[in-house]
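Here's the structure we're looking at; comments come further down.
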Amino acid sequence: MFELLGDWKRTDYCGSLGIKDLGREVILMGWVHSKRDHGGLIFVDLRDREGVVQIVFNPQVSKESHTKADLLKDEWVIAVKGTVVRRPDETINPNIKTGEIEVIARELRILNRSKVLPFPVEDEIKVDELIRMKYRFLDLRRPVMRKNLMLRHEVMRATRSYLDSKGFIEIETPYLTRSTPEGARDFLVPSRLNPGEFYALPQSPQLLKQTLMISGFDRYYQIVRCFRDEDLRADRQPEFTQIDLEMSFVTEDDVIEVVEGMIKAILKATKGVDIDIPFPRMSYDEAMLRYGTDKPDIRFGLELHDITEVFRNSEFKVFSDPVKKGGIVKAINLKGKAQHLSRKELDELTEFAKSLGAKGLAWIRVSGDEWQSPITKFLSEHEKKELKRLLTIEDGDVIFFGADTSYTVNLVLSNLRLRLGNRFNMIEQNRFAFLWIVDFPLLEFDKTENRYVTMHHPFTSPKEEDIELLDTEPEKVRARAYDIVLNGVEIGGGSIRIHRSDIQRKLFERIGLGEEDAKKKFGFLLEALEFGAPPHGGIALGLDRLTMLLAGASSIRDVIAFPKTQKGFCPLTEAPSPVDPKQLLELRIRVDVKER
RNA sequence: GGGGCCGUAGUUCAGCCCGGUUAGAACGCUGGCCUGUCAAGCCAGAGGUCGCGGGUUCAAGUCCCGUCGGCCCCGCCA
């Protein structure tokens with residue numbers, strides 16, 4: 001049944017044919033996307049990576065190919081020799097790119113067949129992701145997935161082309177490297193030649209790219225795989241790709257300018273969109289105040305309002321108690337939606353708030369002069385007046401409150417804001433809202449470890465004017481760090497680094513890292529800093545997240561060819577897996593896990 | 001580590017609350033008819049470890065316990 005290609009050479013991609021090809025004799029090769037058998041005529045949509053074209057098998061043209069075409073099933077692989085003709089007017093299909101033409105088949109070669117599919121090769125499918133991943137080779141045949149991976153390719157191409165034009169040099173750094181503390185959990189790789197010792201896969205090439213600056217390369221970049229052994233999310237895989245870059249003799253503005261130019265080039269190349277640069281900047285403090293998060297989606301309003309002062313001495317304990325313990329009270333005013341939020345929905349929102357750690361969710365529904373709410377009766381006239389003023393409350397509004405630690409209030413209300421924004425279609429789709437977050441705190445106090453830890457990483461430079469605060473008010477020291485946010489997703493972050501060993505030492509001291517410890521952990525970088533390190537800084541962008549947003553996908557799994565499930569399992573390769581005891585013996589590793 | 005939703009035909013789901021005939025539907029699949037379809041159409045048909053294990057019961061897809069797996073989130077992710 002199978003036939004050979006023989007001397008046939010493909011002349012065109014199915015999806016590239018058009019009116020320009022009328023009358024041409026073509027040889028096409030691809031997959032049977034669908035077959036419509038009319039007994040007399042047989043129509044086959046033939047698909048390759050560029051698209052679909054209709055093949056017509058007519059017994060009056062070729063009895064033999066018509067008979068063979070009768071056998072065809074979905075996803076069989078065939079080669080067709082035929083002529084490109086214009087379709088009869090009434091049969092033109094405006095839904096496909098090649099809809100004005102069709103190919104009259106004169107010869108057919110069946111190259112391979114296919115088992116019946118677990119799911120159709122179409123864009124709009126409702127199939128469990130586990131099945132999609134197990135049959136990833138079929139999933140990737142779906143045009144939307146093919147487009148996503150092609151988009152990813154374009155992003156990488158535009159990145160390389162732009163950075164090359166700006167004098168950046170792509171340098172590879174090792175994947176087998178040294179475990180570093182302070183950060184994510186490492187993936188470890190045992191060393192056979194050094195039993196009992198381990199390499200770590202890099203969480204990012206941070207230390208080595210700084211080393212390259214010290215080596216004088218001046219401008220480095222790399223599109224590089226990074227590994228972090230942490231729990232997965234829709235936007236987090238254990239291995240992911242960064243656009244990593246570093247520059248010497250620069251300030252924050254220099255790095256930001258390069259990134260803005262690069263992103264502009266990427267959007268132009270991939271979406272044909274001209275975006276405005278520079279991007280707006282917002283301080284960390286302002287972002288936390290107005291949005292309750294350091295990665296605000298600024299495509300819509302619905303901002304948070306701090307009303308802590310109104311309730312500092314309130315009789316209403318639910319609000320005043322948290323304030324007395326150092327917490328805050330904030331509110332969101334959902335304008336004019338009182339009629340659109342049922343009691344049931346308010347209850348669901350309360351459950352949502354609780355799932356994020358809130359004790360409850362206070363709300364007020366404003367109907368005329370009446371405030372419908374379980375809490376109104378506890379509010380004084382003065383408090384009501386203040387609320388009305390601060391939140392500009394009007395008829396039809398719905399107010400949501402959070403009163404707790406600042407952490408919980410911001411977490412709950414920022415997520416509530418996103419949920420309400422989606423629920424009421426307040427978020428402008430098809431818009432790319434970039435935003436820089438700047439002036440991050442350098443340090444934050446870690447209660448569980450009872451010490452200050454760096455918010456970014458321990459090589460981030462403090463602002464010069466804040467250095468003296470390191471000893472007195474560490475939490476007030478601002479970092480020379482910057483994050484870039486797109487539509488509420490953090491797509492990158494970087495900083496100007498510490499290039500002087502005295503300051504580096506001081507910072508290690510501040511985070512409770514002794515000299516010996518520091519040497520053991522970052523020895524080579526500390527040493528390199530002693531040999532003429534230039535001022536330098538850089539950034540790393542999440543290629544997967546950026547591509548996801550450009551693709552309009554809701555998970556980075558949809559822009560990664562072979563992703564893993566939430567448990568870090570690859571259903572296609574079935575990794576991870578037990579290994580041969582011989583391998584373990586060689587590595588001098590004994591496994592301490594009970595057999596299932 | 002924790003919270004939520006889910007697991008029934010190849011696929012997507014209904015049935016589960018309130019236990020009781022032969023577990024249904026759609027798409028897909030198989031066979032037949034059909035010369036302008038493109039979600040082709042018409043006729044006929046096949047297809048089930050109700051995730052897995054245990055328990056309750058005369059009887060379990062349905063109730064209970066445990067377990068495995070998927071998705072979303074919190075923690076975690078410098």
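Chain identifiers are assigned alphabetically (A, B, ...) following the order of the sequence lines, protein sequences preceding nucleic acid strands; residue numbering begins at 1 within each chain. In this text, all values refer to a predicted model and were calculated from it rather than measured experimentally.
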Problem - Stacking check His38(A) vs G36(B) (5.5 Å / 30 deg) - result: no
Practice task
Report the distance from atom NZ of Lys134(A) to atom C1' of G70(B), rounded to the nearest whole Å.
Solution key: 14 Å
Practice task
Could you tell me whether Glu102(A) contacts a base, only the sugar-phosphate backbone, or nothing, with contacts defined as non-hydrogen atoms closer than 4.0 Å?
Solution key: base
Handout entry: Arg233(A) side-chain proximity, nearest of C73(B), G10(B), G1(B)
Key = C73(B)
Handout entry: Centroid under 5.5 Å and tilt under 30°, Phe43(A) to U37(B)
Key = yes
Problem - Gln203(A) vs C77(B): side-chain N/O to OP1/OP2 distance below 4.0 Å - result: no
Practice task
Taking atom C1' in both G10(B) and C29(B), compute the distance separating them and give it to the nearest angstrom.
Solution key: 8 Å
Handout entry: Residue Pro88(A), side-chain heavy atoms: nucleotide from C74(B), C71(B), G36(B) that is nearest
Key = G36(B)
Problem - Residue-phosphate contact under 4.0 Å: Thr565(A) side-chain N/O, G70(B) OP1/OP2 - result: yes
Exercise for the section: Check if the side chain of Arg228(A) and the base of C77(B) share a donor-acceptor pair of N or O atoms closer than 3.5 Å. Expected result: no
Exercise for the section: Describe the nucleic acid contact of Arg132(A) in one word from base, sugar-phosphate, nothing, applying a heavy-atom distance below 4.0 Å. Expected result: nothing
Practice task
Determine: side-chain N/O of Lys354(A) to OP1/OP2 of G3(B), distance under 4.0 Å, yes or no.
Solution key: no
Problem - Proximal nucleotide (of C77(B), C73(B), C38(B)) relative to the Gln566(A) side chain - result: C73(B)
Problem - Cation-aromatic face contact Arg417(A)/Tyr291(A), 6.0 Å, 45 degrees - result: no
Practice task
Can you tell me, in whole Å, how much space there is between the C1' of G19(B) and that of G2(B)?
Solution key: 33 Å
Problem - Rounded interatomic separation in angstrom, taking CZ from Phe569(A) and P from G70(B) - result: 8 Å
